Structure formats: structure tokens, C-alpha cells
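Before any comments, here is the structure.
Every chain is numbered from 1, with letters handed out A, B, ... down the list of sequences. Since this is a predicted model, take the numbers as computed values, not measurements.
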There are 2 protein chains.
Amino acid sequence: MERELLLLGLLRQHEMHGYELHSFIENAMSTCVDLKKPTAYLLLDNMATLGWITVTEQRAGNRPPRKVYRLTAGGEAEFQRLLRANLASVVAVKFGGDVGLAFVDALPRAEAIGLLAQRRQALQGQLAESKAVPVHAGSFQFVIDHQVHYLASELAWVDKVIEQLCAT
Amino acid sequence: MERELLLLGLLRQHEMHGYELHSFIENAMSTCVDLKKPTAYLLLDNMATLGWITVTEQRAGNRPPRKVYRLTAGGEAEFQRLLRANLASVVAVKFGGDVGLAFVDALPRAEAIGLLAQRRQALQGQLAESKAVPVHAGSFQFVIDHQVHYLASELAWVDKVIEQLCAT
DNA sequence: TTTTCCATGTAACTCGTTACATGATTTC
DNA sequence: GAAATCATGTAACGAGTTACATGGAAAA
């Protein structure tokens, strides 16, 4: 339900059309959810059917016509419900990268350390990128801060693993 | 490819049948991947077709017959390839829980803090559980240690957010 | 004796993705 | 004039899940 929450939350701030929603999500919220274009359009259609949002066709000049979505009272209620549920609970995360770690002794120690050094470097690059993101408005900043916090924690973790592997 | 890596890695240690693989994954590796029973059987079939593993039917006493899977030389090669790729790269993680945070100002400050306190408590419970897991053999321990490290970091993060919300 | 565990599967379905189609408009 | 961007969609496909089916054995 995170995708619905996100779409409703964005539409709550001001009405938007599908393309706009999608591109905002792609470049500002890519750490939380990933939402392809066709999926976004489909979700918006579904939400319109449910009565959470209304659709208005707009055509400016000779541009391709836009479908502008606006939150309804029902949509606002749903948003509140989803928001409370999201804030109160922990969304589980799967660490696919741990599978390799579980079998790290299948490789020569030195090679394993080399490979993890590569992982470390990639992580460091991502951390630098996250730190370079300009400050966002309001509580959107939490999303960026969290990413920085998480990546720093992962970096420390990889260092700990490398250290342990070196020690033996 | 994490699922394949995991299955190959487990079969590398010793031959196993599908049910055994699935139940091990469910209770020891649930933090890395999630793999339902039908998916596990399907994956094993596919891997057999690819020649990574062989299948032998075994029937012990009057029990339901088992299909025992054993790694082939090709499977070992594939395992090595997948393992190196996994260790060297960062597997991206999506923080669905951040969507709520991005809209936290839609709620009265006090209520938001209350909801995050619930999240905090759930997190704390998970952390206690992870810490209570008995020590595993070899590098499987990394998986547990990472979970503990991650949950502790998330707990600190939630505390920071709550603190920031209290301060305004 | 009824439930749980062992052990394997099939069939239907949902969700989401990829690839494609369309067409105007701005940028290089 | 070509490429990228704006703007919306459809159609085909695939991966994975749920629900169901089977049947013996052990435990409660």
C-alpha cells in the first residue's frame, strides 16, 4: 500500500497529472518505492474507480492532453488511514546481499576481501551521492536523511566484516 | 539471482531434498530472501534442467518419496559466479516505511510521535529476537550479526526522528 | 482421533514489467 | 533535422503467490 499512500500524499499537496507524479517519484522517492510508468497510470485509474481521486482532462495549447488528478474527501480519509498504518509499523526489508556473505568461506580469504572492498567502494559512492542531495522541503528531508543514515551504517558493517575476515 | 545462489550454496554443503531446503530457508534465512514452497520446487526443477543440479528419487520406509538434489560441476561453477557477483555489488533496498515519514506533517505532531513510538517498539522487539538467535555455524553468523546491526541502526534512526519531532 | 508434520506438486490468478505505439514540442 | 522530453496508454509476457490436492506418519 506504500505506492497508494505516496500517490495520495502527493496529490494532497496539489493536483497533478500522471507524468508529473511519475517523474517526481522517480527522482525524489526512488529510495522508498519503485513505480514504473504503466503501473502508475494503472494505479491512478484504480484509485479513480475507488473514488479516492477525480480525473479532469486538460489541454493546454497544442500539447498532448493531460489527465489531472485531484484528491477527494474519500481519498483524504484513505490517505490518513494508510499513513497511520505506515507510521506505526515496521516495513520488513530483505537483505539479498547477505546471501553471499553466508557463503563467503567458499572463496579464498584474500579474494573474498577484495570483492567486499568493491562492495564497500560502491556503498561509499552511494553515500557520497546521498549526502550531495540538496535539502528538500518539510518532512521529505527525512527520506534523504534516512538514506544517509542507512548507507553510513552499512558501510560500517562492511568494514566490520572485512576486518573480521582479515583477522583470520 | 539471490535465490539461486542460496539454493546452490546450501546444496554445495550437502545434498538435500526440496522440503528440507525450503524449511531451512524459511527459518534461518528469512531476513535475506523469501521463498515460498511452490517457487522453491519450480526453481529446483529449472536448475535441474539447466544442469546445475541432479535429481535422485529416494524412498525411506513408507514415507512420501523425496527428490534429493545434488550439485554438479556446472552448478559449482555457477555458484562461484553468482557468489562473486553478489559479494562485489550492493543490493539496493527500498524503504517503504519512509513514505509515511515524508507525510508526517499531515498529522497532529503528538499523534505522529505516538505512532512512531509504536514503530519503535516493534523494532525493539525484532532487535531483541535477533539478539536471542543462537550462534550459527561459520559465516552464516554474518547474516544474524547484520540483522542485529541493521535493527540497532534503525532504532537509533527512529529515535532521532522522534526527537526532531518533539523539538518543534 | 484429530491435528500437525512430512513431502510434493498443479492450476488459477494477480501483479508488475517490458516492449511497443502515438504524436506534439522543445532542445541541440 | 535529429534527439530528447512531454504525455498517455495497450498488449504480451513472466514471475511469483494463493489456494488447492494428495497421502502417509507422528504426536497430542
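Atom-to-atom, NE2 of A/His17 to C1' of D/dC6 comes out at 8 Å; the value is rounded to the nearest Å. In this entry the distance linking NZ of B/Lys37 with C1' of D/dT22 reads 13 Å, nearest Å. Distance CG (B/Asp45) to C1' (C/dT10): 12 Å, rounded to an integer number of Å. Residue B/His22 contributes atom NE2, which lies 12 Å from atom C1' of C/dT8 at whole-angstrom precision. Separating the CZ atom of B/Arg59 from the C1' atom of D/dG23 is a distance of 13 Å, rounded to the nearest angstrom. Whole-Å rounding puts the A/Asn46 CG to C/dG16 C1' distance at 12 Å. In this structure, CZ of A/Arg66 is placed 17 Å from C1' of D/dG9, rounded to the nearest angstrom. Going from atom CE of A/Met16 over to atom C1' of D/dC6 covers 14 Å, rounded to whole Å.
When all heavy atoms are compared, the tightest approach of B/Ser139 to A/Asp105 is OG-OD2, 2.5 Å. Here the shortest heavy-atom pairing between A/Val104 and A/Ala112 reads CG2-CB, 3.7 Å.
A donor-acceptor pair is defined here as one N or O able to donate and one able to accept, closer than 3.5 Å; no such pair exists between the side chain of B/Ser153 and the backbone of B/His149.
From one end of the helix from C/dT1-D/dA28 to C/dC28-D/dG1 to the other, with five pairs defining each end axis, the axis direction shifts by 40° (rounded to 10°).
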Without placing hydrogens or testing angles, list every side-chain donor-acceptor pair under 3.5 Å for residues 92-103 of chain B, not counting sequence neighbours.
residue	atom	partner	partner atom	Å
B/Lys94	NZ	A/Ser30	O	2.6
B/Asp98	OD1	A/His146	ND1	2.8
B/Asp98	OD2	A/His146	ND1	2.7

Sequence neighbours left out, cut at 3.5 Å: what donor-acceptor pairs do the side chains of residues 68-76 of chain A make with other protein atoms?
residue	atom	partner	partner atom	Å
A/Arg70	NE	A/Glu15	OE1	3.1
A/Arg70	NH2	A/Glu15	OE1	2.1
A/Thr72	OG1	A/Gly51	O	2.7
A/Thr72	OG1	A/Trp52	O	2.9
A/Thr72	OG1	A/Gly74	N	3.4
A/Thr72	OG1	A/Gly75	N	3.0
A/Glu76	OE1	A/Arg12	NE	2.8
A/Glu76	OE2	A/Arg12	NE	3.2
A/Glu76	OE2	A/Arg12	NH2	3.3
A/Glu76	OE2	A/Gln80	NE2	2.8

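For the segment residues 4-14 of chain B, the set of residues with a heavy atom within less than 4.0 Å of an atom of DNA chain C is empty.
Residue A/Tyr19 places at least one side-chain N or O under 4.0 Å from the OP1 or OP2 atom of D/dC6. B/Tyr41 has no side-chain polar atom (N or O) that falls below the 4.0 Å cut-off from OP1 or OP2 of C/dG9.
With rounding to the nearest 0.5 Å, the separation of CE in B/Met47 from OG1 in B/Thr49 is 10.5 Å.
A donor atom on one side chain and an acceptor atom on the other are not found under 3.5 Å apart for B/Ser89 and A/Arg119.
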Restricting to nitrogen or oxygen on both sides, can you table the protein-nucleotides 15-17 of chain D pairs closer than 3.5 Å?
residue	atom	partner	partner atom	Å
D/dT17	OP2	B/Thr39	OG1	2.7

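The only option from A/His17, A/Lys67, A/Arg66 that meets the side-chain contact (heavy atoms from CB on, under 4.5 Å) definition with A/Glu57 turns out to be A/Lys67.
Remark: A/Asp159 pairs with A/Arg120 by the salt bridge (Lys or Arg N to Asp or Glu O under 4.0 Å) rule, at least two apart or across chains.
For the pair A/Leu6/A/Glu2, no side-chain contact is recorded, criterion being any heavy-atom separation below 4.5 Å from C-beta on.
You'll find the ring centres of A/Phe140 and A/Phe24 inside the 6.0 Å limit.
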